[in-house]
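Report on the following structure.
Note that the structure is predicted; figures quoted are calculated from it, not measured.
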Amino acid sequence: MDRRSVRVRLSARGRKLVETLLSEHLAREARILSVLSPEEIVLLTALSSKLVRQVEALGQATAGEAG
C-alpha cells in the first residue's frame, strides 16, 4: 500500500446499514427482473457484459491517451 490509498473500515452501525440497504436493493432488483423470462435474463446478462467490456476498453484507451 502506498500513499495513494487509504484503508477504511465500517463501524458496526455502518455494517448494519449496508446489510439492510443491500437486502432492500436485492429485493427491489428481483422485483424488477421478475418480468423477464429465464432466456431474457441470459440475454440481458450477455448484453450487459458486452457493454461493460466496451466501457472498460474505452476507459483504458482514454487513460492511455492521458499518459
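Residue Q60 holds its CD atom at 7.0 Å from CD of E56, rounded to the nearest 0.5 Å. R9 CZ to R7 CZ: the interatomic distance, rounded to the nearest 0.5 Å, is 8.0 Å. For the atom pair CZ (R28) and CD1 (I32), the distance works out to 7.0 Å, reported to the nearest 0.5 Å.
Considering only residues two or more places apart in sequence or on other chains, E29 meets the side chain to side chain contact (heavy atoms under 4.5 Å, CB included) condition with H25, L26, L33.
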Validation: residues 36-52 side-chain donor-acceptor distances under 3.5 Å, sequence neighbours left out:
residue	atom	partner	partner atom	Å
S37	OG	E39	N	3.4
S37	OG	E39	OE1	3.3
S37	OG	E40	N	3.1
S37	OG	E40	OE1	3.4
E40	OE1	S37	N	2.7
T45	OG1	I41	O	2.8
S48	OG	L44	O	2.8
S49	OG	T45	O	3.0

